[in-house]
Peer 1: 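Quick one: the structure is below, and I'll ask about it shortly.
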Amino acid sequence: MENADVFLGLHDFLERMRQPSAADFVKSIKSFIVSFSNNAPDPERDSAAVQSFLANMEAAFRAHPLWAGCSEEELDSAGEGLEKYVMTKLFTRVFASIPDDVKTDEQLSEKIALVQQFVRPENLDIKASFQNETSWL
């Protein structure tokens with residue numbers, strides 16, 4: 001899907017959410033965002049919770065009069081709009097690094113730095129035309 005299509009999906013989703021008949025959807029979305037944000041980060045649980053919420057909401061869209069008569073493409077677009085909205089609201093929480101990940105990332109960076117001290121592109125048979133110090137670093 002093109003960026004313009006994603007924008008239209010989000011725009012259409014937000015327009016429909018402004019309708020009085022969407023009040024229950026709005027309440028559910030806000031409730032999910034608040035409850036999700038109040039839990040301690042757990043990547044596995046978080047992923048399952050978001051996927052489950054999105055799937056349940058998309059099923060509810062299909063049964064709601066706001067989306068009656070919509071094509072499959074329009075319903076998919078609404079789902080993408082919902083996902084974009086929710087993930088925008090949860091971005092800092094979802095993509096926050098947990099302490100164990102930060103420690104592992106630091107250890108990996110240290111090891112890569114050590115390897116870069118003696119392994120050079122020519123050691124890996126990378127052609128001179130593809131060797132670029134900036135990308136290597």
Peer 1: So do the side chains of F36 and V94 get within less than 4.5 Å of each other, counting heavy atoms only?
Peer 2: yes
Peer 1: Does the side chain of K30 reach to within under 4.5 Å of the side chain of I33, using non-hydrogen atoms?
Peer 2: no
Peer 1: Within a strict 4.5 Å, meaning less than it, do heavy atoms of the M17 and I29 side chains meet?
Peer 2: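 Yes, their side chains come closer than 4.5 Å.
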Peer 1: Do you know which two heavy atoms are closest between P41 and D46, and how far apart they sit?
Peer 2: CA-OD2, 3.8 Å
Peer 1: Counting distance only, does the side-chain N/O of S28 pair as donor-acceptor with the main-chain N or O of D24 below 3.5 Å?
Peer 2: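 Yes; at least one donor-acceptor contact below 3.5 Å.
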Peer 1: Working to the nearest 0.5 Å, report the span between CG of D12 and CD of E74.
Peer 2: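 It is 7.0 Å, given to the nearest 0.5 Å.
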Peer 1: Closest heavy-atom contact between E58 and G79?
Peer 2: OE2-CA, 3.6 Å
Peer 1: Just jot down the side-chain contact (heavy atoms from CB on, under 4.5 Å) partners of K127, sequence neighbours excluded, or say none.
Peer 2: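 K127: side-chain contact (heavy atoms from CB on, under 4.5 Å) contacts with S129, F130.
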Peer 1: R93 side chain to N38 main-chain N or O, any donor-acceptor pair under 3.5 Å?
Peer 2: no
Peer 1: Looking at every non-hydrogen atom in both residues, tell me the closest pair between W67 and A78 and how far apart they are.
Peer 2: NE1-CB, 3.4 Å
Peer 1: Taking side chain to side chain donor-acceptor pair (under 3.5 Å) as the test, write out the residues that go with E72, two or more places apart.
Peer 2: R62
Peer 1: Do L114 and L108 belong together in a cluster built from hydrophobic side chains that touch within less than 4.5 Å?
Peer 2: no
Peer 1: Under 4.5 Å between side-chain heavy atoms, hopping through other hydrophobics if needed: is there a path connecting L124 to F118?
Peer 2: yes
Peer 1: Taking the six-membered ring for Trp, are the ring centroids of F25 and F61 within less than 6.0 Å of each other?
Peer 2: yes
Peer 1: Counting heavy atoms not belonging to Q107, are there more than 12 under 6.0 Å from its CD?
Peer 2: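 Yes, the 6.0 Å shell around CD holds more than 12 heavy atoms from other groups.
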Peer 1: Going through the checks in order, is the side chain to side chain contact (heavy atoms under 4.5 Å, CB included) test met by F32 and L90?
Peer 2: CA-CA 10 Å; F32 175 76; L90 297 176; 3.9 Å; yes
Peer 1: Who pairs with S109 by side-chain contact (heavy atoms from CB on, under 4.5 Å), at least two apart in sequence or on another chain?
Peer 2: none
Peer 1: Apply side chain to side chain contact (heavy atoms under 4.5 Å, CB included) to the pair M87 and V50, showing each step before the final yes or no.
Peer 2: CA-CA 9 Å; M87 295 311 292; V50 169; 3.9 Å; yes
Peer 1: Can a salt bridge be assigned to the pair E106 and K103 using a cut-off of 4.0 Å between side-chain N and carboxylate O?
Peer 2: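 Salt bridge between E106 and K103, a charged N being under 4.0 Å from a carboxylate O: no.
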Peer 1: Taking the side chain as every heavy atom from C-beta outward, state whether S52 and M57 have any atom pair closer than 4.5 Å.
Peer 2: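 Sidechains of M57 and S52: no contact.
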Peer 1: Taking all non-hydrogen atoms of both residues, which atom of L66 and which atom of S21 are closest, and how far apart?
Peer 2: CG-OG, 3.5 Å
Peer 1: If we ignore hydrogens and angles and just use 3.5 Å, is the side chain of T88 paired with the main-chain N or O of K84 as donor and acceptor?
Peer 2: yes
